[in-house]
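These notes concern the structure reproduced below.
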Amino acid sequence: MKHDNSRNLYDLALQLIPGGVNSPVRAFKAVGGDPLFFKAGQDAYLIDSDDNRYIDYVGAWGPLILGHRHEKVIAALSAQLQEGIGFGASTEAEVNIARKITELVPSIEKVRLVTSGTEATMSAIRLARGFTKRDKIVKFEGCYHGHVDGLLVKAGSGALTLGEPDSPGVPKAYTKLTHVLSYNDIDGVKKIFAEQGDDIACVIIEPIAGNMNFVPPLPGFLETLRECCDRHGSVLIFDEVMTGFRVAKGGAQSVYGVKPDLTTLGKVIGGGLPVGAFGGRADIMDHIAPIGPVYQAGTLAGSPLATAAGLAMLEVISEDGFYENLHATVCKLTDGLKQRAAAAGIPFSTNQQGGMFGLFFSEEPEIRRFEQVMACNSEHFQSFFHAMLDRGVYLAPSSFEAGFISAAHGEAEIQTTLDAAESAFQAIN
Ligand SMILES: *Cc1c(COP(=O)(O)O)cnc(C)c1O
């Protein structure tokens with residue numbers, strides 16, 4: 001496979017953009033080699049600048065649950081382009097998408113749109129602090145909530161890949177109020193609440209962790225968070241920027257039946273355009289300006305283009321059976337991968353839910369902890385990643401990232417992927 005154009009573009013980019021990329025995990029730091037440059041996408045496929053075609057398992061890091069250029073999303077965007085790109089004022093589409101979000105995620109009574117997931121989590125935390133009049137927050141190791149100063153403590157994927165969980169430029173004073181616990185450590189949660197519960201403004205968590213690969217909660221873990229927050233008047237925030245409308249129609253909270261006070265969203269709700277949202281209990285949300293004292297604002301918030309694309313996407317994913325089909329496809333993929341790994345004698349396991357999956361080069365059949373993710377064989381992953389790339393399958397370029405499928409991934413794409421994997425696993429040793 002020729003990559004001349006990608007390589008030339010990367011050389012130019014390196015002179016103009018730090019590290020040649022506009023987001024760190026796009027660089028191939030964790031897998032070696034140079035990042036690819038892409039110029040087009042259609043359905044389940046990506047086309048790079050050298051006209052190579054790949055089955056895409058990144059999906060723009062989650063948003064493209066319908067695949068590239070879904071006709072309904074393109075139609076909605078085209079129609080909006082004829083009407084206007086932005087007004088800096090209220091639109092009917094904002095009301096419609098707010099209604100849709102509150103219907104699909106019942107714990108969200110009121111919602112505000114922002115322009116990125118980072119903004120959503122930052123705003124949700126400010127709101128939780130303003131609402132409770134407390135400062136301390138609790139997060140979990142390996143969970144990523146955007147590049148918010150106070151949350152860049154033991155954060156997942158990008159930060160893990162770079163080996164810099166704590167970023168320079170974040171004052172110690174900012175993270176002093178952030179307590180970090182182990183994901184799925186029920187006793188750790190009970191302990192911190194017993195000691196400092198009445199000072200804790202909020203707990204923020206990815207209800208299924210998608211930034212340390214893909215790790216679901218143990219039974220009782222989310223329930224314990226709910227109980228502790230209730231007992232101490234702390235706000236429970238589910239960061240579903242990645243899992244929202246991804247693992248199920250109602251997000252991870254609908255899979256586990258635990259209701260947060262606030263939810264942050266992003267990725268899928270923008271249909272591929274830059275968007276984020278935070279919402280939840282009306283009594284908490286009403287603390288935000290202009291009706292409440294907690295300040296939050298955004299020039300491009302509720303962008304007509306983003307709301308048009310997002311709404312079109314939410315309509316399609318609301319159809320009956322959408323997530324059942326997605327889950328069946330993802331299981332075909334992960335079951336097939338496990339069979340082929342076993343045949344090649346490579347220790348390997350997976351997690352999967354709805355349109356997301358995690359691949360683990362590990363002897364352990366069930367990955368539920370951060371330490372288990374860190375202990376996976378990264379050399380095996382690197383070798384597998386490049387072997388798959390050579391065979392036309394684009395996986396996320398880091399073993400700490402989750403994988404994504406779309407409704408455009410059909411039998412043919414899964415079979416091609418499994419055929420590629422068969423020889424890619426054998427190429428590992
Ligand atoms: C991607 C992500 C964010 C940050 O969203 P951006 O749009 O990149 O700012 C926050 N939380 C989670 C769980 C994410 O996966």
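Both counts, for ligands and for their atoms, begin at 1 and track the order of listing.
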Contact check, K267 vs ligand 1, heavy-atom distance below 4.0 Å =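 K267: in contact with ligand 1 (<4.0 Å).
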Can you list the atoms of ligand 1 that are under 4.0 Å from a heavy atom of [X]?
{"X": "T118", "answer": "4 (C), 5 (O), 6 (P), 9 (O)"}
{"X": "D239", "answer": "10 (C), 11 (N), 12 (C), 13 (C)"}
{"X": "G117", "answer": "4 (C), 5 (O), 6 (P), 7 (O), 9 (O)"}
{"X": "M242", "answer": "15 (O)"}
{"X": "G146", "answer": "3 (C), 4 (C), 10 (C)"}
{"X": "S116", "answer": "7 (O), 9 (O)"}
{"X": "Y144", "answer": "11 (N), 12 (C), 13 (C)"}
{"X": "E206", "answer": "13 (C)"}

How are the rings of F28 and F385 set relative to one another: parallel (under 30°), tilted (30 to 60°) or perpendicular (over 60°)?
-> perpendicular
For the pair Y57 and H409, name the ring-plane relationship: parallel under 30°, tilted 30 to 60°, perpendicular over 60°.
-> tilted
May I ask you to check whether over 12 heavy atoms, not counting those of H68, lie within 6.0 Å of atom NE2?
-> yes
Other residues, nucleotides, ligands: >12 heavy atoms within 6.0 Å of I85 CD1 |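 Atom CD1 in I85 is not crowded, with 12 or fewer foreign heavy atoms closer than 6.0 Å.
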Sidechain-backbone polar pair: E141 side chain, V180 backbone, donor-acceptor under 3.5 Å |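 Answer holds: no.
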Nearest neighbour in protein (non-hydrogen) for atom 3 (C) of ligand 1 =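 Result for atom 3 (C) of ligand 1: V241 CG1, 3.7 Å.
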Tell me, do F245 and L265 make a side-chain contact under 4.5 Å, heavy atoms counted?
-> yes
Looking at T118, I204, I125, T178, which hits side chain to side chain contact (heavy atoms under 4.5 Å, CB included) with V148?
->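 So the option named by the test is T118.
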Do F140 and F221 make the cut of ring centroids closer than 6.0 angstrom?
-> yes
H145 and ligand 1 - part of the residue with a heavy-atom distance under 4.0 Å | backbone
Classify the contact between N211 and ligand 1 as side chain, backbone, both or neither, using a heavy-atom distance cut-off of under 4.0 Å.
->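 Side chain only; the backbone of N211 stays clear of ligand 1.
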